[in-house]
There are 2 protein chains.
Amino acid sequence: MVGDMHSRSPAVRSGRPRSAEADAAILAATREALVELGWSKLTLGDVATRAGVAKTTLYRRWAGKNELVVDAVAELFDALELPDCGSLAADIEGVVLQFAAILALPEARSGLMAVVAEATRDEALRERIRASVVDRQKRLVLEGRARAQARGELPAEEDPESAARTVDLIFDMVAGAVVHRTLVSAEPADEEWVRSFTRVLLQGLGS
Amino acid sequence: MVGDMHSRSPAVRSGRPRSAEADAAILAATREALVELGWSKLTLGDVATRAGVAKTTLYRRWAGKNELVVDAVAELFDALELPDCGSLAADIEGVVLQFAAILALPEARSGLMAVVAEATRDEALRERIRASVVDRQKRLVLEGRARAQARGELPAEEDPESAARTVDLIFDMVAGAVVHRTLVSAEPADEEWVRSFTRVLLQGLGS
DNA sequence: GGCTTTCGCTACGAGTCGTAGCGTAATGCC
DNA sequence: GGCATTACGCTACGACTCGTAGCGAAAGCC
């Protein structure tokens, strides 16, 4: 899942293979260091020591701190799934609570925003984040939307381009609100907050 | 506006006063370095050189890179004002466009998210961001809400505690959506997007 | 003129960076 | 089994940044 980034075709690759245990140990050590030190004080030498590998091994697999942290944080989002709770409102509440639970982890809080900040000046890093983190979230919006349309809770868009814009908008609204609540306002996105949010999202302010 | 952070009462302070020009030059140099280098590669020595001051002068006024960047970025939000456009929808669109314009600046993009990430592990820094950046934005939500209630566009809350929660929710939804659109999705929050966003915020998804 | 604080400058030890070199370990191919 | 190939651990290195200390000079208040 990680090595694929570096060797697209692991087909004819002679020689000693890379240790998968080392990959897992490095990513776990990175998350541990993120919790204890935060992004700015995290050093690759320290991560190597924690993981029990040589510093040079780290540099052979990742270009730098940013790429390593992206991969380490991306694994946290593997657990994201869209529950089928019977209604659009319940589905939204379920997935938002999952998302909020991940963002409540200190390794996600300090790591995610830092790499997003770095990505403003690094196109390749932005693409890496998109592929391994953002797209996985956006897929949930697409599925939830399709489900709600099948239930008749949402009108079916005929124009596919307009539909894509709507999905992007909803995604930014949902993810943005949870991130802002958790990281900027520094308040928990608990069940009560999620209920209020879902109500506004579905019915608007003027109700 | 900046020195106040360090000396609450500038009353009886004899000796040579601190140069206000130096403050302005340092903050401007910080923004310039943010544009050219980004947050991670920005060094205080480089900022001092750009500003034409000694490195020691920087350390006398700011505790570190984080505090400096917060002050430098905070000045960008001075221009934020709530225009009276006649309707709640128009007011929201106006202020969101202003906010989006600031976030489109490279010095804001690379600086703001980085210090927010650092603030996850630094309570004092979080408070500094809240006081100099976030509260200035939240005030606009309060004003816009009061105006809309005076116009009869929004129902008047009787419970003040519930009203405060609603304001916090709206603030996270508005600011979060714009930030996510601009920094994570890396797409411009242009007029078309703002119109769609305002429509969903006011009327909900199911319309 | 005296007192106080700031300023610019230089220098310093400590820490991190990313890389190179070397000998060893683990695989695929013949 | 032998050989080529790649990964690994280890050490060492120059370059850079950090934050601080010490100094003499400058700029204000009494």
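Since the model is a prediction, treat every value here as computed from it, not as a measurement. Proteins get letters first, then strands, A, B, ... in listed order; numbering begins at 1 in each. These values consider heavy atoms only, across backbone and side chains, with no hydrogens, waters or symmetry-generated copies.
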### Message
For residues 35-57 of chain B, which residue pairs pass the ring-ring contact (aromatic ring centres under 6.0 Å, His included) check, not counting sequence neighbours?
### Response
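For residues 35-57 of chain B, and leaving out neighbouring residues, there are no ring-ring contact (aromatic ring centres under 6.0 Å, His included) pairs at all.
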Donor-acceptor contacts, no H, no angles, side chain residues 24-31 of chain A, under 3.5 Å, sequence neighbours left out:
{"from": "T30(A)", "atom 1": "OG1", "to": "I26(A)", "atom 2": "O", "distance (Å)": "2.7"}
{"from": "R31(A)", "atom 1": "NH1", "to": "A72(A)", "atom 2": "O", "distance (Å)": "2.8"}
{"from": "R31(A)", "atom 1": "NH1", "to": "E75(A)", "atom 2": "OE1", "distance (Å)": "2.9"}
{"from": "R31(A)", "atom 1": "NH2", "to": "E75(A)", "atom 2": "OE1", "distance (Å)": "3.2"}

### All pairs passing side chain to side chain donor-acceptor pair (under 3.5 Å) where residues 47-58 of chain A contributes a residue, at least two apart
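Passing the test, one end in residues 47-58 of chain A: E32(A)-R50(A), E36(A)-R50(A), D46(A)-R50(A).
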### Residue of the set R130(A), R136(A), Q137(A) for which side-chain contact (heavy atoms from CB on, under 4.5 Å) holds with V133(A)
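The single option meeting the side-chain contact (heavy atoms from CB on, under 4.5 Å) with V133(A) is Q137(A).
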### Task
Determine whether any donor atom in the side chain of R18(B) lies under 3.5 Å from an acceptor atom in the base of dG28(D), or the reverse, and answer yes or no.
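Looking at the base of dG28(D), it does not pair with any donor or acceptor on the side chain of R18(B) (distance under 3.5 Å).
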Going by salt bridge (charged side-chain N to carboxylate O under 4.0 Å, His left out), name the residues that satisfy it together with [X], two or more places apart in sequence or in a different chain.
X       : answer
R147(A) : D84(A), D91(A)
D122(B) : none
E143(B) : R139(B)

### Query
Hey, are E21(A) and S19(A) close enough side-chain-wise for a donor-acceptor pair under 3.5 Å?
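Yes.
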### Task
Compute the bend angle of the helix from dG1(C)-dC30(D) to dC30(C)-dG1(D) from the end axes (five pairs per end), rounded to 10°.
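Overall, the helix from dG1(C)-dC30(D) to dC30(C)-dG1(D) bends by 30° from one end axis to the other.
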Mind calculating the distance between [atom1] ([X]) and [atom2] ([N]) to the nearest angstrom?
X      : N       : atom1 : atom2 : value
R60(B) : dA21(D) : CZ    : P     : 12 Å
L37(A) : dG15(C) : CG    : P     : 15 Å
K41(B) : dC18(D) : NZ    : P     : 14 Å
I26(B) : dC7(C)  : CD1   : C1'   : 11 Å

Can you give the donor-acceptor pairs under 3.5 Å from side chains of residues 92-107 of chain B to other protein atoms, not counting sequence neighbours?
{"from": "Q98(B)", "atom 1": "OE1", "to": "E81(B)", "atom 2": "N", "distance (Å)": "3.0"}
{"from": "Q98(B)", "atom 1": "NE2", "to": "E81(B)", "atom 2": "O", "distance (Å)": "2.6"}

### Task
Counting heavy atoms from C-beta on, name the nucleotide in dC9(C), dA7(D), dG9(D) closest to the side chain of A54(B).
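Closest of the options to the side chain of A54(B): dC9(C).
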### Message
Which residues pass the ring pair (Phe, Tyr, Trp, His ring centres under 6.0 Å) test with F197(B), not counting sequence neighbours?
### Response
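For F197(B), the residues satisfying ring pair (Phe, Tyr, Trp, His ring centres under 6.0 Å) (neighbours in sequence not counted) are W193(B).
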Protein-nucleotides 2-5 of chain D N/O pairs under 3.5 Å:
none

### Query
For P17(B) and P17(A), take the nucleotide of DNA chain D holding the closest heavy atom to each; which residue's nucleotide lies nearer the 5' end?
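That would be P17(A).
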Kindly give the atom pairs (protein nitrogen or oxygen, nucleotide nitrogen or oxygen) under 3.5 Å for nucleotides 16-19 of chain C.
{"from": "dG18(C)", "atom 1": "OP2", "to": "Y59(A)", "atom 2": "OH", "distance (Å)": "2.5"}
{"from": "dG18(C)", "atom 1": "N7", "to": "K55(A)", "atom 2": "NZ", "distance (Å)": "3.3"}
{"from": "dG18(C)", "atom 1": "O6", "to": "K55(A)", "atom 2": "NZ", "distance (Å)": "3.2"}

#### Entry: Partners meeting side-chain hydrogen bond (donor to acceptor under 3.5 Å, both in side chains) with N66(A) (sequence neighbours left out)
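N66(A) satisfies side-chain hydrogen bond (donor to acceptor under 3.5 Å, both in side chains) with no residue once adjacent residues are dropped.
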